[in-house]
Amino acid sequence: MYREKASRVPGAVLWWRIPPVPHGVQRVLPDGCTDVIWADGELLVAGPDTRAHLTRDRVDCFVGLRFAPGTGPAVFGVPAHELRDRRIPLADLWPSGEVRRLADRLNADQPSRLGQGVSASLGVALEEMSLRRLSLSDGPDPMSAWIVARVRAGAPVAEIAGGAGLSERQLHRRCLSAFGYGPRTLGRILRMNRALDMARAGTAFAAVAATAGYADQAHLAREVRSLAGAPLTVLVR
């Protein structure tokens, strides 16, 4: 079971999941986001993925806060590319005492049952922690949201760089720091997620390909398999 709701942290989503099958395999698709995750007493950071991440569920429940593309570096205090395709303990990034106090608070409030919704105190603790870290930082790169919007719109990299007053090389470096990868990879990932949303809503694959900006349905199929590690027909079941 998976549920989510909007967070008090700008652009973030609070989510919780109870694995339906103990020790089942979960396919986590790249989406340009970073997460802080509480998993049965442990606090982890999931960096931005460039490909599907397969994980075997070994805990009873997960609670996480997912940060919009470009927000994670301000929360975690490191450039996004240092977290790319990684799952690491939060204590590797923050002072151990701060992480221990947060974990103790979360563990004390661990819900016995998440089926009726995420525990208020669990969500509040994760949000308060993130808001505090954001207030102590310089905040996300102010250009991140604009870059994401232009990438989503399918703008060419040269056009995005010119609009930002940057060279393409400078734009690439800026994207590595904010998102974990360059604008072209970010574009592929955001486009795939748009295509999946459309396909899961019942749109025919050929129409998905045309609307989402793929050359044809075969191009859509290749891109989805490359990034998600599975065919579109499997992902929309």
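Just so you know, residue 1 is the first one in the sequence shown, and it goes up from there.
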State whether the number of non-hydrogen atoms from other residues, nucleotides or ligands found under 6.0 Å of [X] atom [atom1] is greater than 12.
{"X": "Asp138", "atom1": "CG", "answer": "no"}
{"X": "Arg51", "atom1": "CZ", "answer": "no"}
{"X": "Arg200", "atom1": "CZ", "answer": "yes"}

Dump the intermediate steps for side-chain contact (heavy atoms from CB on, under 4.5 Å) on Cys175 and Ile147, then the final yes or no.
CA-CA 8 Å; Cys175 287; Ile147 292 173; 4.1 Å; yes

Any side-chain heavy-atom pair of [X] and [Y] under 4.5 Å:
{"X": "Trp15", "Y": "Val63", "answer": "no"}
{"X": "Pro140", "Y": "Pro73", "answer": "no"}
{"X": "Leu93", "Y": "Leu83", "answer": "yes"}
{"X": "Tyr181", "Y": "Arg188", "answer": "no"}
{"X": "Leu126", "Y": "Leu106", "answer": "yes"}
{"X": "Phe179", "Y": "Ser144", "answer": "yes"}
{"X": "Asn107", "Y": "Trp38", "answer": "yes"}
{"X": "Leu232", "Y": "Leu196", "answer": "yes"}

When clusters are formed by joining ILVMFWY residues with side-chain heavy atoms under 4.5 Å apart, either directly or through shared neighbours, do [X] and [Y] land in the same one?
{"X": "Leu44", "Y": "Val78", "answer": "no"}
{"X": "Val75", "Y": "Ile88", "answer": "yes"}
{"X": "Val13", "Y": "Val45", "answer": "no"}
{"X": "Met198", "Y": "Leu220", "answer": "yes"}
{"X": "Leu29", "Y": "Tyr2", "answer": "no"}

Arg191 charged N/C atom sitting above Tyr214 aromatic ring, 6.0 Å / 45°:
yes

Using only atom types and a distance under 3.5 Å, with no angle test, would you say the side chain of [X] pairs donor to acceptor with the backbone of [Y]?
{"X": "Arg27", "Y": "Ala228", "value": "yes"}
{"X": "Arg86", "Y": "Glu82", "value": "yes"}
{"X": "Asp216", "Y": "Ala206", "value": "no"}
{"X": "Gln170", "Y": "Ser167", "value": "yes"}
{"X": "Ser177", "Y": "Arg174", "value": "no"}
{"X": "Ser226", "Y": "Arg222", "value": "no"}
{"X": "Thr211", "Y": "Ala207", "value": "yes"}

For Ser7 and Glu127, does a side-chain donor sit closer than 3.5 Å to a side-chain acceptor?
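Their side chains do contain a donor-acceptor pair, which is all the 3.5 Å distance test asks for.
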
Nearest non-hydrogen partners of [X] and [Y], listed with the distance:
{"X": "Val99", "Y": "Ala91", "result": "CG2-CA, 3.8 Å"}
{"X": "Pro183", "Y": "His172", "result": "CD-ND1, 3.9 Å"}
{"X": "Ala199", "Y": "Phe205", "result": "CB-CE2, 3.9 Å"}
{"X": "Leu14", "Y": "Gly123", "result": "CD2-CA, 3.7 Å"}
{"X": "Ala52", "Y": "Pro30", "result": "N-CD, 3.8 Å"}

Quick one: do Leu90 and Ile37 satisfy side-chain contact (heavy atoms from CB on, under 4.5 Å)? Show the steps, please.
CA-CA 9 Å; Leu90 183 60; Ile37 302 170; over 6 Å; no

Any salt bridge (Lys or Arg N to Asp or Glu O under 4.0 Å) pairs touching residues 66-79, not counting sequence neighbours?
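Found Glu4-Arg66, Asp31-Arg66, Asp35-Arg66.
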
Not counting sequence neighbours, which residues clear side chain to side chain donor-acceptor pair (under 3.5 Å) with Arg133? List them please.
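Arg133 satisfies side chain to side chain donor-acceptor pair (under 3.5 Å) with Glu98 once adjacent residues are dropped.
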
Going through the checks in order, is the side-chain contact (heavy atoms from CB on, under 4.5 Å) test met by Thr55 and His53?
CA-CA 6 Å; Thr55 181; His53 178 81; 4.0 Å; yes

Step by step, would you call Asp49 with Arg87 a salt bridge (Lys or Arg N to Asp or Glu O under 4.0 Å)?
CA-CA 10 Å; Asp49 292 324; Arg87 304 293 187 271; 2.7 Å; yes

Intermediate values then yes/no, side-chain contact (heavy atoms from CB on, under 4.5 Å), Leu131 and Arg8:
CA-CA 8 Å; Leu131 289 168; Arg8 292 186 295 141; 4.1 Å; yes

Would you please classify the geometry between the Phe76 ring and the Trp94 ring as parallel, tilted or perpendicular, with 30° and 60° separating the classes?
tilted

Starting at CG of Leu227, measure out to OG1 of Thr50 and round the result to the nearest 0.5 Å.
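Here the interatomic distance stands at 8.5 Å.
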
CG-CZ distance between Leu190 and Arg152, expressed to the nearest 0.5 angstrom:
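Here the rounded value is 4.5 Å.
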
Using a strict cut-off of less than 4.0 Å between a Lys/Arg side-chain nitrogen and an Asp/Glu carboxylate oxygen, indicate whether Glu128 and Arg105 qualify as a salt bridge.
yes

